[in-house]
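These notes are about the structure you will find just below.
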2 protein chains.
Amino acid sequence: MSDPIRSENLLYLTDEQLRQGIEAMYFAYRGFTADPDRILESLAYGRAHHRAIHFINRAPGTTVTNLLDILGVTKQSLNRVLRTLIEDGLVESRVGTSDRRERNLYLTDDGTALEHRLSDSQRGRLRAAFREAGPEDVAGFRRVLEAMMEGEMKRQYKSLRESGK
Amino acid sequence: MSDPIRSENLLYLTDEQLRQGIEAMYFAYRGFTADPDRILESLAYGRAHHRAIHFINRAPGTTVTNLLDILGVTKQSLNRVLRTLIEDGLVESRVGTSDRRERNLYLTDDGTALEHRLSDSQRGRLRAAFREAGPEDVAGFRRVLEAMMEGEMKRQYKSLRESGK
DNA sequence: TTGGAGTGTCAACAAAGCTGACGTATTGTG
DNA sequence: CACAATACGTCAGCTTTGTTGACACTCCAA
């Protein structure tokens with residue numbers, strides 16, 4: 001009270017504000033995944049398939065190990081998902097040219113088509129939210145999310161962002 | 001180009017910007033859950049237990065049905081989690097006073113203690129992120145997240161926010 | 001050339017979601 | 001009062017997606 005500037009600056013850091021932030025993340029993440037989930041469900045796929053497809057599309061030719069680093073799961077878990085995608089003809093796995101231990105992963109035409117369906121639905125919701133909020137809010141949204149990531153994840157995120165032209 | 005105002009306003013809505021928003025949500029949510037997950041793992045609990053504890057603490061005396069609405073899972077799934085929490089003495093289930101078919105749920109002292117451990121760790125990360133970003137960014141973050149929620153979830157969120165004093 | 005490190009696969013198991021069916025206690029209504 | 005509806009719990013069984021353990025293929029360097 002004796003220092004209005006300081007108290008004003010810290011108002012957004014009260015426990016109540018933080019708890020509202022926690023609940024906002026929880027409910028928003030559910031909205032964020034709802035649309036793709038509906039599409040995936042009709043195809044007998046899950047969120048894990050979506051994530052694999054997203055990042056293979058994002059970095060075509062990526063290796064299994066690289067994908068493991070990004071997704072943060074065990075290779076056995078990823079392998080099961082990858083196997084069904086390969087069997088279904090959505091992903092192609094080519095033996096590495098320089099190091100034949102590696103497998104380079106690519107989306108087939110069918111895989112690319114599904115990726116578009118999924119990301120269109122997710123982008124649609126995000127676009128509506130961004131439009132409703134406006135550019136200033138979107139910039140703040142991005143900065144807070146980036147500050148929330150763990151070190152290694154933040155590195156991955158920035159590296160992907162730069163490769164994205 | 002012929003309309004600088006319009007193009008400036010829409011720059012943040014390009015597909016590339018939206019894709020970065022999608023990846024930001026993905027990586028940030030992992031950071032968001034990382035700290036509580038570490039605590040829960042050491043106790044043989046999972047995220048489902050955390051969610052139940054959070055919302056029981058948030059609305060003490062809530063009924064099972066109300067919790068089902070908020071969490072959006074089936075009662076069989078919630079029941080499994082609730083049963084272990086009651087057996088372990090973290091949650092108390094009292095027969096309703098006005099309607100004795102209902103069960104009112106409360107955290108015990110042990111349950112409250114765990115809730116504090118969990119939310120302290122999560123608030124710690126959020127506080128750091130909020131402080132790093134600043135009040136303007138936090139406001140934008142909150143507005144974008146709210147715009148991203150589905151209708152029913154947004155209603156739940158707002159109702160909880162108002163009850164939070 | 002051979003042994004260790006890196007990469008990927010198979011098998012089996014656990015957590016936590018789901019559906020369907022059913023039992024019990026309680027409430028409210030015709 | 002009789003009976004349908006509601007709230008809650010539980011059993012059985014299935015799915016997705018995570019885990020660990022064991023193992024095979026490939027590469028590279030001693």
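To find a chain, count down the sequence lines: A is the first, B the second, and so on, and within it residues start at 1. Just so it is clear, the structure is predicted and the values come from calculations on it, not from any experiment.
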Hey, does the side chain of A:Ser159 reach the backbone of A:Arg155 with a donor-acceptor pair shorter than 3.5 angstrom?
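It does not hold such a pair.
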For the backbone of A:Asp15 and the side chain of B:Arg127, can you confirm whether one donor and one acceptor N or O come within less than 3.5 Å of each other?
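Absent.
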Would you please confirm or rule out a distance under 4.0 Å between OP1 or OP2 of [N] and any side-chain N or O of [X]?
{"X": "B:Asn79", "N": "D:dT10", "value": "yes"}
{"X": "A:Thr74", "N": "D:dT19", "value": "yes"}
{"X": "B:His49", "N": "C:dA15", "value": "no"}
{"X": "A:Arg83", "N": "C:dC10", "value": "yes"}

Which heavy-atom pair separates [X] from [Y] by the least distance, and what is that distance?
{"X": "B:Ala48", "Y": "B:Val81", "value": "CB-CG2, 3.7 Å"}
{"X": "B:Asp69", "Y": "B:Met153", "value": "O-CE, 4.5 Å"}
{"X": "B:Val64", "Y": "B:Leu105", "value": "CG2-CD1, 4.2 Å"}
{"X": "A:Leu126", "Y": "B:Leu18", "value": "CD2-O, 3.4 Å"}

Send over the distance from [X] [atom1] to [N] [atom2], rounded to a whole Å.
{"X": "A:Arg38", "N": "C:dC18", "atom1": "CZ", "atom2": "P", "value": "15 Å"}
{"X": "B:Asp37", "N": "C:dA16", "atom1": "CG", "atom2": "P", "value": "10 Å"}
{"X": "B:Leu68", "N": "C:dG17", "atom1": "CG", "atom2": "C1'", "value": "13 Å"}
{"X": "B:Glu41", "N": "C:dA16", "atom1": "CD", "atom2": "P", "value": "11 Å"}
{"X": "B:Leu71", "N": "C:dG17", "atom1": "CG", "atom2": "C1'", "value": "12 Å"}
{"X": "A:Asn104", "N": "D:dT26", "atom1": "CG", "atom2": "P", "value": "15 Å"}
{"X": "A:Leu82", "N": "D:dT16", "atom1": "CG", "atom2": "P", "value": "16 Å"}

Parallel, tilted or perpendicular: ring planes of A:Phe27 versus B:Phe55, cut at 30 and 60 degrees
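A:Phe27 and B:Phe55: tilted rings.
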Does any donor-acceptor pair link the side chain of A:Gln76 with the base of C:dG8 at a separation under 3.5 Å?
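No, no donor-acceptor pair under 3.5 Å.
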Would you mind telling me which residue lines up with the more 5' stretch of DNA chain D, A:Leu78 or A:Arg100, judged by nearest nucleotide?
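Of the two residues, A:Leu78 wins.
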Reading DNA chain D from 5' onward, which residue's closest nucleotide shows up sooner: A:Arg47 or B:Leu105?
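It is B:Leu105, whose closest nucleotide lies nearer the 5' terminus.
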I'd like to compare against my own output: the B/S/- annotation of nucleotides 1-7 of chain C with a strict under-4.0 Å heavy-atom distance to protein.
----BBS
So what does [X] hit on the nucleic acid, given a heavy-atom distance under 4.0 Å: a base, only sugar-phosphate, or nothing?
{"X": "B:Arg80", "value": "base"}
{"X": "A:Gly72", "value": "nothing"}
{"X": "A:Thr84", "value": "nothing"}

Do A:Glu136 and A:Arg142 sit within salt-bridge range, that is, some charged N less than 4.0 Å from a carboxylate O?
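A:Arg142 and A:Glu136: not salt-bridged.
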When you check the gap from the basic side-chain N to the acidic O, do A:Glu16 and A:Arg19 get nearer than 4.0 Å?
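Salt bridge: yes.
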Annotated structure of DNA chain D as dot-bracket, pair cut-off 3.5 Å, Watson-Crick or G-U only, | for inter-strand, is ||||||||||||||||||||||||||||||
Within the 6.0 Å centroid threshold, strictly below: A:Tyr26 and B:Tyr29
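Aromatic pair excluded; centres sit 6.0 Å or further apart.
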